[in-house]
Amino acid sequence: ASIGRRWQPGSMIIRDAKYWVPLLVMTLGSRILEILQLKKTDLILHNGVLCLTIGITSEHRVKNSDSKRTLPLPQLLIDLGFVEWIHSLPVDQRLLFPSPAGGADIAAIAGNFGKQLKTLYRRLGIADWSEDFYALRKTLSSALTRMITNDEAYATWTDTN
């Protein structure tokens with residue numbers, strides 16, 4: 001219905017941090033803080049593939065040096081208009097998601113944002129209080145591990161049969 005009442009039916013699709021961040025975490029498996037620190041310049045074309053760079057510049061706070069990476073942008077996000085959304089942001093806006101960071105200590109940003117999402121999900125009737133935002137990363141990781149394990153089991157089966 002509006003940005004302040006997005007849990008109520010309406011004709012608006014509000015594409016902001018609460019829309020894009022969960023999709024980015026689910027499809028990339030990145031940490032919420034890594035996503036909340038993304039800048040417009042982190043969207044790059046690498047060998048003809050749209051990618052996001054995470055932790056490459058010194059401005060980004062990442063868990064460790066192995067967390068610095070370039071990830072291909074999932075087709076789902078391209079289809080949902082993520083690239084067009086980035087290009088539509090004001091010229092003087094550097095961060096993709098400036099509002100979650102507004103005035104907060106860097107360590108508190110992810111926690112505060114996760115609480116906001118949990119409240120929104122509760123109002124939408126899709127909250128699971130036994131799961132937190134971190135579960136999005138683990139769900140992707142578990143699904144990818146299952147796929148690899150199943151592929152390896154299939155390859156072993158086909159080699160022996």
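Below, all heavy atoms of this structure are taken into account, side chains as well, without hydrogens, waters or symmetry copies.
Between Lys39 and Leu96, every side-chain heavy-atom pair lies at or beyond the 4.5 Å cut-off. With a 4.5 Å cut-off on side-chain heavy atoms, Leu45 and Val49 do not count as touching. Here the side chains of Ile54 and Leu38 are in contact, with some heavy-atom distance below 4.5 Å.
Annotation for Ile13: atom CD1 does not count as buried by contact number, only 12 or fewer foreign heavy atoms lying within 6.0 Å.
For Ile86 against Lys40, the heavy-atom pair with the smallest separation is O-CD, 3.9 Å. Nearest heavy atoms, Ile35 versus Ser30: CD1-CB, 3.7 Å. The shortest heavy-atom contact between Pro74 and Leu28 is CD-CD2, 3.6 Å. Contact record, Leu23 with Leu80: CD1-CD1, 3.8 Å, taken as the closest heavy-atom pair. Residue Val83 comes nearest to Leu50 through the heavy atom pair CG2-CD1, 3.7 Å, listed as atom of the first residue, atom of the second, then distance. When every heavy atom of Pro22 is checked against every heavy atom of Ala17, the shortest pair comes out as CD-O, 3.6 Å.
Every residue two or more places apart in sequence or in another chain was checked for a side chain to side chain donor-acceptor pair (under 3.5 Å) with Glu84, and none qualifies.
Interatomic distance, His46 NE2 to Leu73 CG, rounded to the nearest 0.5 Å: 14.0 Å. Taking SG from Cys51 and CG from Asp42, the interatomic distance works out to 11.5 Å, rounded to the nearest 0.5 Å. Considering OG1 of Thr53 and CZ of Arg69, their distance stands at 10.5 Å, rounded to 0.5 Å. Atom CZ of Phe97 sits about 13.0 Å away from atom NZ of Lys18, to the nearest 0.5 Å. Of the inter-residue distances, the one linking Leu124 atom CG with Gln8 atom CD reads 10.5 Å to the nearest 0.5 angstrom.
Identified under the ring-ring contact (aromatic ring centres under 6.0 Å, His included) test for residues 18-38, with sequence neighbours left out: Trp20-Phe82, Trp20-Trp85.
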Handout entry: Derivation and outcome, side chain to side chain contact (heavy atoms under 4.5 Å, CB included), residues Leu77 and Thr27
Key = CA-CA 8 Å; Leu77 296 176; Thr27 58; 3.5 Å; yes
